[in-house]
Amino acid sequence: MPITSNRVPLSLLALLLAAGADPASADAPANPEYASHFGILGRPTNSAVVYRRDGYAGAYCGDPADTSAKRLIYPIDAPGGFTIDHIRVSGVDQSATHDLNLKFFKVCQPFLAAGTPDIQLIGSGHSAGTDGTFSVLVGTSSQPVMPETCAYYVQAELSAADTACVGPDLVVREVRVHMRDPDLIFKDSFES
Amino acid sequence: MKVRMVMATALAASCGTTLAQSTRPATMAERLAAGFNDRTQMVMVRDAATTTARRSDSVAGGPSARFQTRLGVSFSGTDSNYAYTGANSVQCTSDTNPFATANLDLPDGALIDWVDVFGQDHSTTDNLTLFLVSTCATTGSMSPPTFTVLGDVSSSGDAGNFFHTIVLNPPVSVDRFSCKYALRSRFTSSTTGPCVGFDMILDKVRVQYHLPE
């Protein structure tokens, strides 16, 4: 069978799958699905905290004098059976004193019974380094999605409790979820 | 007004319900209970299920089960008086508005079977109530949209962690062309608050649905 520019031979694909190799780069896996949030669409953990929006729909703390914790929650809608490979968060960090701290959580409860939420930290990351725009990976181990018992979300912390924040010097602009659809065989990859 | 009610009944019957399940105009008490304070709003109520639908007790809910979850923090107040604190789970701290809403995004034609509510009720005076609501409008119609309370459940009698289910029997059929679907929570027994803070916590709401064959 001739190899065309947009078709992968079954034998080669089978070898790659068997070896556990990802045929594409780590940031763009085969059969990817993506879900993105604008920074400003994060849900505050406290409705009294003021957030403002920059020109790119990013979010930053609107009252630097407020010392309550500034945290935004980004719930993830992922279908059952999918795998969440990682989260990529983009923004701006021009602060010498603060970083954007990021955490990827899974919270689980029994399927058909009451129970205290079991919150598990899956991955973390933070902005750092050269002032300016940043792009950070959060969580790099694949997480199978189990929506019958668990929910998934990203928390972005602009400042911790009892700490003033730095206004527009620290902005969260995008939270992008990288997922994989398990229905690999029947995807369009095999069609011309 | 009578013509509008007839049209609203027909729209509610065809949108988000099946022929076997009837709807009726909401009473004033039912309207206020679900946070519909505007007398000009068209509000209908889907009759409650008379039998409990059989549910798969396997961990995954069966091979055809699909889920969509809304964390407590995903709920937004029906007006700016709603206030809350928390992370994934939230407690209402408002003095005057105990209502909040979270939108659903379900596939067209999906059949909603159950809506499960997880939370914590430490209050001896109040209960948390969760509603499944549809908003439907005929394309191009000059009439206001029709709201339908498709089902509700309360934490009444609970002490601590709770789990309750809205049973939709027969299932609610999703019509994305004419309707939108949402979850509405009320954090107190009264419709005007004040909320009871940490004594009433909403963890999450999970919608279980399946796609028709």
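Note on naming: letters A, B, ... go to the chains in the order of the sequence lines (proteins, then strands), and numbering restarts at 1 for each one.
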Would you call B:Arg186 and B:Asp152 a salt bridge, using N to O less than 4.0 angstrom? no

Indicate whether any N or O donor in one side chain lies under 3.5 Å from an N or O acceptor in the other, for A:Asp162 and A:Thr67. no

Using heavy-atom distances under 4.5 Å, tell me whether B:Tyr84 contacts chain A through its side chain, its backbone, both, or neither. both

Please rank A:Gly80, A:Ala151, A:Pro117 by heavy-atom pairs under 4.5 Å with chain B and give me the top one. A:Pro117

Most chain B-contacting option - heavy-atom pairs closer than 4.5 Å, from A:Thr116, A:Ile119, A:Leu112: A:Leu112

Say you draw a straight line from CG of B:Leu106 to CZ of B:Arg66; how long is it, rounded to the nearest 0.5 Å? 11.5 Å

OG1 (B:Thr101) and CG (B:Leu183) are apart, to the nearest 0.5 Å, by 9.0 Å

Quick one: what part of A:Pro44 sits under 4.5 Å from any heavy atom of chain B, side chain, backbone, both or neither? both

Could you tell me which portion of B:Thr165 (side chain, backbone, both or neither) has an atom closer than 4.5 angstrom to a non-hydrogen atom of chain A? neither

If one checks every heavy atom of A:Arg71 against chain B at 4.5 Å, the contacting part turns out to be neither

How far apart are the closest heavy atoms of A:Ala78 and A:Val145, and which atoms are they? O-CG1, 3.5 Å

Under a 4.5 Å heavy-atom cut-off, does chain B meet the side chain of A:Ile73, its backbone, both or neither? side chain

